[in-house]
Asks: 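First, the structure itself, so that you have it in front of you.
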Amino acid sequence: MAGGGARVRRHGELNPPDGPLRLLMSAEAAGKLSPDIARVLGGRAHVTLSPDHPDAALAQAAFVSRDVTGLSTKHRVLPPTQRMYDALRAAAGLRWVHIHSAGADRPVFVELRERGVQVTTSSGANAPVVAQTAVLGLLMLARHWPRLLAAQRERRWAPLIESGLPRDLQGQTAIVVGWGPVGREIGRLLRALGLRVVAVRREAGSSADEDVRFVGVGQWRELLPQADWLVLACPLTPQTRGLVGAAELALLPPHGGIVNVARGEVVDEPALIAALQAQRLAGAYLDVFATEPLSPDSPLWDLPNVIVTPHSAGFSDGNEARVARMFLDNLGRWHRGEALANRVGG
């Protein structure tokens, strides 16, 4: 409940003396979550403000739900999303923003962090779905499904025995770059299929996963010649931008494949296209791209050894509820002045 004097909490929450806690979120999210918000705040006075509300600039906290971003991408921001971004930028007293995605690399969130706003993500909410999709892409490439689907569209009977037998997956090696919730789940699924997993994380060393080899960021390149698969599941940071370029692609064997469910900017896209066109790589499953939407002119659409999906690896009808639980958990933490979960930058 709003008190009689200003109160500053140790994680930056400011409770003004003249009004309730002001939460910026879409009308749709507010309609669904209002009872839960009241429960979490335990009777504390609060108000939810949509981006179009005249008091939106007074918001102290915000929730950017999936309905806000909709079909917008980092590179093409549609008007409803832009209205939320404008409201976030205009809220001078904003202290904390929770976002529905696992990544916080959109420019608006970078700007807010530079301004001192705490940004938390929903990392882990869609990790099982992303991992399942990544492994699906790998299996499709391994079992030559692009070739089989092309034959189906042509009504052509094309047994793999005449076009080249797929290699057994068991015993193959996958290098998984990024060992967060998505990378760990990918590793678990690949091990269940009989693959050897090498995990790339900031520091090498042992862990509870005794059947996973861990290497640091300075070691993984020397293992590329022995890799059957390079799976990218890392966040986009200054350290991972352009991580996989022409030199790294040249180290992979010709039968190697790439799976990217991280961010498009992690890979040098022209170098990847050149390697795939020259068949220096067996194939790629790509859910993310340097610029999204992917241009209709991109050669990636038509390459027979490439599977393209429109940044949809994490979509599932259960995500909304999982993200809402994460937001509400952090709202309770923020209200009590506790450390936030999934805070970007620590």
Asks: Quick one: does H98's side chain have a donor or acceptor within less than 3.5 Å of a partner on W96's backbone?
Replies: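 No, because the side chain of H98 does not come within donor-acceptor range (under 3.5 Å) of the backbone of W96.
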Asks: To the nearest 0.5 Å, how far apart are CG in N126 and CZ in R322?
Replies: 7.5 Å
Asks: Sort and list the pairs that fulfil side-chain hydrogen bond (donor to acceptor under 3.5 Å, both in side chains) and have at least one residue in residues 129-146, not counting sequence neighbours.
Replies: H144-R147
Asks: Shortest non-hydrogen contact from D287 to A313?
Replies: OD2-N, 3.0 Å
Asks: Going from SG on C234 to CD on Q239, what distance comes out if it is rounded to the nearest 0.5 angstrom?
Replies: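 Those atoms lie 11.0 Å apart.
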Asks: Taking the side chain as C-beta and beyond, is there a heavy-atom pair between L281 and P254 under 4.5 Å?
Replies: no
Asks: Report the C-alpha separation of R333 and D329 in whole Å, then their side-chain angles, then the decisive distance to 0.1 Å, and conclude whether the salt bridge (charged side-chain N to carboxylate O under 4.0 Å, His left out) test is met.
Replies: CA-CA 6 Å; R333 291 169 181 257; D329 173 68; 2.8 Å; yes
Asks: Over all heavy atoms of both residues, which pair between T69 and V64 is shortest? Give the atoms and the distance, please.
Replies: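 Here T69 and V64 meet closest at CG2-CG1, 4.2 Å.
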Asks: Assess whether atom CG of L165 is packed by more than 12 heavy atoms of other residues, nucleotides or ligands within 6.0 Å.
Replies: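 Counting neighbours around CG of L165, more than 12 heavy atoms of other residues, nucleotides or ligands fall under 6.0 Å, so yes.
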Asks: What are the two closest non-hydrogen atoms of A104 and T121, and how far apart are they?
Replies: CB-CG2, 4.0 Å
Asks: Counting only N and O atoms by type, is there a donor-acceptor contact under 3.5 Å from the side chain of S312 to the main-chain atoms of P310?
Replies: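 The answer is yes, because a donor-acceptor pair under 3.5 Å joins these two groups.
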Asks: Any donor and acceptor pair, going by atom type alone, linking the side chain of R76 with main-chain N or O of S72 inside 3.5 Å?
Replies: no
Asks: Just by modelled atom types, is the V47 backbone N or O under 3.5 Å from a matching donor or acceptor in the R22 side chain?
Replies: no
Asks: Please report the interatomic distance CD(Q226) to CG(L251), rounded to the nearest 0.5 Å.
Replies: 9.5 Å
Asks: Would a distance-only check, ignoring hydrogens and angles, find a side-chain to backbone donor-acceptor pair under 3.5 Å from W301 to S295?
Replies: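 Yes: the side chain of W301 pairs with the backbone of S295.
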Asks: Find out whether N260 and V267 are in side-chain contact, i.e. whether some heavy atom of one side chain is under 4.5 Å from a heavy atom of the other.
Replies: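 A side-chain contact under 4.5 Å exists here.
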Asks: State whether a side-chain donor-acceptor pair under 3.5 Å links S50 with D52.
Replies: no
Asks: Identify whether the distance between the nearest side-chain nitrogen and carboxylate oxygen of K32 and E28 falls below 4.0 Å.
Replies: yes
Asks: For the hydrophobic clusters of this structure (ILVMFWY residues joined by side-chain heavy atoms under 4.5 Å, transitively), does one cluster hold both I99 and F63?
Replies: no
Asks: Any chance the side chains of E292 and H75 put a donor and an acceptor closer than 3.5 Å?
Replies: no
Asks: Taking D168 for the side chain and Q170 for the main chain, is one N or O donor matched with an acceptor at less than 3.5 Å?
Replies: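 No; zero donor-acceptor contacts below 3.5 Å.
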Asks: Walk me through whether L33 and F327 qualify under side-chain contact (heavy atoms from CB on, under 4.5 Å).
Replies: CA-CA 10 Å; L33 297 180; F327 162 66; 4.1 Å; yes
Asks: Would you please test W220 and L243 for side-chain contact (heavy atoms from CB on, under 4.5 Å) and show each step?
Replies: CA-CA 11 Å; W220 67 282; L243 183 72; 3.7 Å; yes
Asks: Between Q60 (side chain) and R95 (backbone), is there a donor-acceptor pair under 3.5 Å?
Replies: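 Not a single qualifying donor-acceptor pair exists.
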Asks: State, with a plain yes or no, whether a side-chain heavy atom of M140 is found less than 4.5 Å away from one of Y285.
Replies: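 The answer is no, as the side chains (C-beta and beyond) never meet within the 4.5 Å cut-off.
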Asks: With a 4.5 Å heavy-atom cut-off, do K74 and L236 have their side chains touching?
Replies: yes
Asks: Rounded at 0.5 Å granularity, tell me how far CD1 in I186 sits from CZ in R191.
Replies: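 So the CD1 of I186 and the CZ of R191 are separated by 12.0 Å.
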Asks: Please test T291 against E265 for side-chain contact (heavy atoms from CB on, under 4.5 Å), starting from the C-alpha separation and ending with a verdict.
Replies: CA-CA 8 Å; T291 300; E265 297 96 323; over 6 Å; no
Asks: If we ignore hydrogens and angles and just use 3.5 Å, is the side chain of N342 paired with the main-chain N or O of S123 as donor and acceptor?
Replies: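 It does hold such a pair.
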Asks: Please determine whether a side-chain nitrogen of the Lys or Arg among D36 and R39 lies less than 4.0 Å from a carboxylate oxygen of the Asp or Glu.
Replies: yes
Asks: Can you establish whether the number of heavy atoms outside Q152 located under 6.0 Å from its atom CD is more than 12?
Replies: no
Asks: Would you call E320-R66 a salt bridge at under 4.0 Å N-O?
Replies: no
Asks: Does P299 reach the side chain of Q277, with side-chain heavy atoms less than 4.5 Å apart?
Replies: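 P299 vs Q277: side chains touch.
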Asks: Quick check: do V97 and Q118 have side-chain heavy atoms less than 4.5 Å from each other?
Replies: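 No, their side chains stay 4.5 Å or more apart.
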Asks: Whether the side chain of S122 engages the backbone of A125 through a donor-acceptor N/O pair (distance < 3.5 Å, no angle test) should be reported.
Replies: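 No, S122 side chain to A125 backbone: no donor-acceptor pair under 3.5 Å.
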Asks: Give the cluster check for L141 versus V130: same hydrophobic cluster or not, with ILVMFWY residues linked at side-chain heavy-atom distances below 4.5 Å.
Replies: yes
Asks: With heavy-atom distances below 4.5 Å as the criterion, would you say the side chains of E338 and R336 are in contact?
Replies: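 Yes, close enough: below the 4.5 Å cut-off.
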Asks: Are more than 12 heavy atoms from other residues, nucleotides or ligands located less than 6.0 Å from atom CD of Q82?
Replies: yes
Asks: I'd like to know if F289 and L232 are part of one continuous hydrophobic network [Ile/Leu/Val/Met/Phe/Trp/Tyr, side-chain heavy atoms within less than 4.5 Å].
Replies: yes
Asks: State, to 0.1 Å, how close L276 and N305 come at their nearest heavy-atom pair, and which atoms those are.
Replies: O-ND2, 3.5 Å
Asks: Determine the minimum heavy-atom distance between T120 and R343, stating which atoms define it.
Replies: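 Residues T120 and R343, closest heavy atoms: CG2-CA, 3.8 Å.
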Asks: Does the side chain of I258 reach to within under 4.5 Å of the side chain of L252, using non-hydrogen atoms?
Replies: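 Sidechains of L252 and I258: in contact.
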Asks: Spell out, as yes or no, whether a donor-acceptor pair under 3.5 Å connects the side chain of N330 to the backbone of A341.
Replies: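 Indeed, once roles are kept as given, a pair shorter than 3.5 Å links the two residues.
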Asks: With distance as the sole criterion, is a donor-acceptor pair present between the side chains of T173 and W229 under 3.5 Å?
Replies: no
Asks: What is the distance from atom CZ of R325 to atom CG of L328, rounded to the nearest 0.5 Å?
Replies: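 Those atoms lie 9.5 Å apart.
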Asks: Closest heavy-atom contact between L23 and I37?
Replies: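 The answer is CD1-CG2, 3.8 Å.
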Asks: So, using side-chain hydrogen bond (donor to acceptor under 3.5 Å, both in side chains) as the criterion, who are the partners of R167 when residues are at least two apart?
Replies: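 Result, side-chain hydrogen bond (donor to acceptor under 3.5 Å, both in side chains) vs R167: D228.
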Asks: Measure the spacing between CD1 of I307 and CG of L138 and express it to the nearest 0.5 Å.
Replies: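 If we round to the nearest 0.5 Å, I307:CD1 and L138:CG are 9.5 Å apart.
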Asks: Going hydrophobic residue to hydrophobic residue with side-chain gaps under 4.5 angstrom, can you get from V108 over to L94?
Replies: yes
Asks: Determine whether L286 and L230 fall in the same hydrophobic cluster, where Ile, Leu, Val, Met, Phe, Trp and Tyr are linked whenever their side-chain heavy atoms lie under 4.5 Å apart.
Replies: yes
Asks: side-chain contact (heavy atoms from CB on, under 4.5 Å) between L249 and D268: does it pass, once the steps are laid out?
Replies: CA-CA 9 Å; L249 295 170; D268 180 337; 5.8 Å; no
